[in-house]
Amino acid sequence: MSAVVLQSTTATMRRNFWSGVWRVLKRKPSRMAGVVIIAGFAFMGVFGPMFFPDQLPGNPDAITQPPSWAHWFGTDPQGRDVLALVITGSRYVLLSAAVTAVITIVIGTALGLFSGFKRGRWDAVLMRITDMKLTIPGLPLLLVLATVWKFSSAVQMGLVLGLLGWGGVARAVRAQTLSLRERGFIEAARGLGLPTTHIIGKELLPSMAPYIAMNTLISVTGAVYSQVGLFFLGVLPYESDNWGVMLNLAVFQAGAMIQPYALGYLLAPLLAILLLTLGIVLVVDAMDEIFNPRLREE
């Protein structure tokens with residue numbers, strides 16, 4: 001009987017949470033716009049490439065054309081539709097960004113929570129490792145890795161970016177944990193003799209949910225900028241169409257900086273990056289209210 005009651009209570013709490021999320025998002029139209037933008041990019045990354053062949057066919061009669069009704073952002077130097085290139089290139093960018101965010105948040109949150117809660121010897125060891133990680137310059141290391149690793153897979157790119165990016169999150173989560181561990185509800189849980197895993201997973205982690213969620217979204221934008229920058233600099237091979245490759249070819253092959261007809265080839269991936277960033281910023285605005293019941297009820 002008690003198990004049935006517990007399941008019913010859990011289901012009710014979940015319904016109340018999601019109804020609260022819906023109210024928070026509806027409170028400001030900008031937040032709903034952010035959700036729509038992120039959902040649109042997710043749909044484009046998952047289903048968009050399915051509508052186009054793996055290798056988009058070129059058209060020798062439509063090389064570097066300006067925007068038109070047939071080609072909203074024009075065509076590239078091979079006569080391919082620029083909008084189609086943005087759509088097909090979104091999967092690599094978004095998948096690697098998602099992998100980066102997951103690895104960054106999981107490693108950073110786990111180390112920060114454990115280190116801040118246990119303190120003592122464990123804290124000293126883990127934070128020294130984190131400090132060493134933070135001293136490693138990310139961009140030069142990526143440039144070196146690019147000479148021996150081709151990053152043809154989005155998962156490979158996300159794995160490397162995630163392993164290079166968790167240090168800041170670990171430090172910040174540890175600082176939050178040190179503050180929360182002295183609160184009354186944590187002291188009460190320790191006084192009751194609850195295990196460390198329960199205190200961290202059931203007491204500390206939910207209190208940091210807004211911060212972790214915001215860092216997840218911020219990690220996505222950071223990963224997009226990092227990989228697009230590497231492809232734009234030309235240090236990674238052009239084995240996969242993505243937004244960074246488009247920017248590189250638009251500037252250095254199509255001459256978009258001096259050729260007005262090629263401007264759409266440059267603007268299309270830039271607008272995609274800016275729009276994705278805007279959607280994330282608008283959703284982050286709602287995070288505090290979503291995870292704080294008192295703010296949701298105001």
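The first residue in the sequence is number 1, and the count goes up from there.
For OH of Tyr261, the number of neighbouring non-hydrogen atoms (other residues, nucleotides, ligands) closer than 6.0 Å is 12 at most. Environment of CZ in Arg121: sparse, with no more than 12 heavy atoms of neighbouring residues, nucleotides or ligands closer than 6.0 Å.
Between Asp123 and Arg174, the closest side-chain pair of non-hydrogen atoms falls below 4.5 Å. Under the 4.5 Å side-chain criterion, counting only non-hydrogen atoms from C-beta, Phe231 is in contact with Met157. No side-chain heavy atom of Phe73 sits under 4.5 Å from any side-chain heavy atom of Val86. Under the 4.5 Å side-chain criterion, counting only non-hydrogen atoms from C-beta, Val82 is in contact with Met246.
Checking side-chain atoms of Lys133 against main-chain N and O of Trp166 turns up no donor-acceptor pair under 3.5 Å. Side chain of Thr75 to backbone of Gln65: a donor-acceptor contact under 3.5 angstrom is found. Although no hydrogens or angles enter the test, the distance criterion places a donor-acceptor pair under 3.5 Å between the side chain of Thr100 and the main chain of Gly158. With hydrogens and angles disregarded, a donor-acceptor distance shorter than 3.5 Å links the side chain of Arg91 to the backbone of Val46. Proximity of a side-chain donor or acceptor of Ser96 to a complementary backbone N or O of Val93 within less than 3.5 Å is detected.
Taking CG of Leu217 as the start and CD1 of Ile38 as the end, the distance is 5.5 Å to the nearest 0.5 Å. Leu85 contributes atom CG, which lies 7.0 Å from atom CG of Asp81 (distance to the nearest 0.5 angstrom).
Phe252 and Phe232 have tilted rings, their planes meeting at an angle from 30° to 60° on a 0 to 90° scale.
For the 3.5 Å distance criterion, the side chains of Tyr225 and Thr277 qualify, holding a donor opposite an acceptor.
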